[in-house]
Amino acid sequence: MRIPLEDRHLYALLALLVLAVFYGIYFAKVLAQKHRGIQTRQIGRRKEKSIHTVEVLMCIATLGAPIAQLLSIAFGWGYLPANTRFTGFCVGILGDGIFLLSVLCMKDSWRAGIPDKDKTELVTTGIYRFSRNPAFLGFDLMYVGVLLLYGNLLTLSFSAFAIVMLHLQILQEERYLVNTFGAPYQEYCRHVSRYWGRK
């Protein structure tokens with residue numbers, strides 16, 4: 001079935017909006033923290049082999065996913081029905097909103113990757129009352145949203161790879177947080193779910 005040209009342009013604009021908002025939030029936060037002398041991006045700095053490997057693979061996945069997404073948009077590789085594609089836009093925008101709330105609530109404790117030497121605070125307020133990992137949830141929803149907008153094997157492969165690697169990063173970060181914050185973090189985990197919900 002051929003998609004009318006005007007619909008193709010609409011889906012491209014919706015997908016680009018989801019990506020522009022998401023990465024706009026990410027880079028605005030990085031630049032704001034850099035202005036305050038904070039190095040946000042710390043992926044791959046830890047020397048422990050398991051942490052380093054997961055972070056490098058996560059970096060590859062999260063760089064490959066937007067390339068796959070942009071190629072899909074550029075070439076119009078979207079094969080799902082219209083209602084599914086609009087649902088994808090809604091899911092993607094929801095992911096953007098959750099991601100925005102997560103970086104705002106985390107303030108200057110937000111890092112991309114496990115900090116090597118930085119001292120950060122344990123944040124359990126705002127959106128973190130409902131999710132231990134709202135930034136990762138925002139990433140996942142953005143990937144799923146764009147996948148629904150531009151459903152194809154390339155986008156599916158890279159989105160799945162990125163979501164799996166982000167989950168492995170969460171598991172690494174949880175071990176770090178237990179070692180860093182001890183009992184307060186363990187108590188927090190007893191009340192708040194990894195992705196969403198109170199226990």
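Below, each value reflects all heavy atoms present in this structure, side chains not excepted, and no hydrogens, waters or symmetry copies.
A donor atom on one side chain and an acceptor atom on the other are not found under 3.5 Å apart for S109 and E121. A side-chain donor-acceptor contact under 3.5 Å links H191 and E187.
One distance of note links CG of L171 with CD1 of I51; it measures 12.0 Å at 0.5 Å rounding. For the atom pair OG1 of T125 and NZ of K107, the computed distance is 6.5 Å after rounding to the nearest 0.5 Å. Rounded to the nearest 0.5 Å, atoms OG1 (T87) and CG (L149) are 9.0 Å apart. Distance check, rounded to the nearest 0.5 Å: CG of L137 to CG of L166 gives 11.0 Å. Interatomic distance, CG of N152 versus OG of S72, reported as 3.5 Å (0.5 Å rounding). For the atom pair CG of L147 and CG of L141, the computed distance is 12.5 Å after rounding to the nearest 0.5 Å.
Contact between V54 and M165 at its shortest, heavy atoms only, is O-CE, 3.6 Å. Nearest heavy atoms, M106 versus Y128: CE-OH, 3.3 Å. Contact detail for M142 and Q69: the closest heavy-atom pair is SD-NE2, 3.7 Å. In this structure, Y11 and A82 approach most closely via the heavy-atom pair OH-CB, 3.0 Å. Taking all atoms of both residues into account, the shortest heavy-atom contact from I73 to A12 is CG2-CB, 3.8 Å. Listed here is the closest heavy atom pair of I25 and D96: CD1-O, 3.6 Å.
Residues Q39 and Q33 are not in side-chain contact: their nearest non-hydrogen atoms beyond the backbone lie 4.5 Å or more apart. Two residues are said to be in side-chain contact when any heavy atoms from C-beta on lie closer than 4.5 Å; W77 and L71 meet this criterion. Residues T120 and F181 have side chains in contact (heavy-atom distance under 4.5 Å, counting atoms from C-beta outward). Between R198 and R129 there is a side-chain heavy-atom pair separated by less than 4.5 Å. At a threshold of 4.5 Å between non-hydrogen side-chain atoms, the residues R194 and I170 count as touching. By the 4.5 Å heavy-atom criterion applied to side chains, R41 and C59 are counted as neighbours. The shortest side-chain heavy-atom distance between Q186 and V178 falls under the 4.5 Å cut-off.
A ring-centre distance under 6.0 Å is found for F139 and F99.
Put simply, the side chain of S159 never gets that close to the backbone of L156: no donor and acceptor are under 3.5 Å apart. No donor-acceptor distance shorter than 3.5 angstrom exists from the side chain of Y143 to the backbone of F158, with no hydrogens or angles considered.
A cation-pi arrangement is found for R85 relative to Y150, the charged atom lying closer than 6.0 Å to the ring centre and inside a 45° cone about the ring normal.
Environment of OH in Y195: crowded, with over 12 heavy atoms of neighbouring residues, nucleotides or ligands closer than 6.0 Å. Within a 6.0 Å radius of CZ in F75, no more than 12 heavy atoms belonging to other residues, nucleotides or ligands are found.
Each of Q172, E173, H167 was scored for a side chain to side chain donor-acceptor pair (under 3.5 Å) with Q169, with one residue passing: E173. Partner of W110 under the side-chain contact (heavy atoms from CB on, under 4.5 Å) criterion, out of L104, T40, I38: T40 alone.
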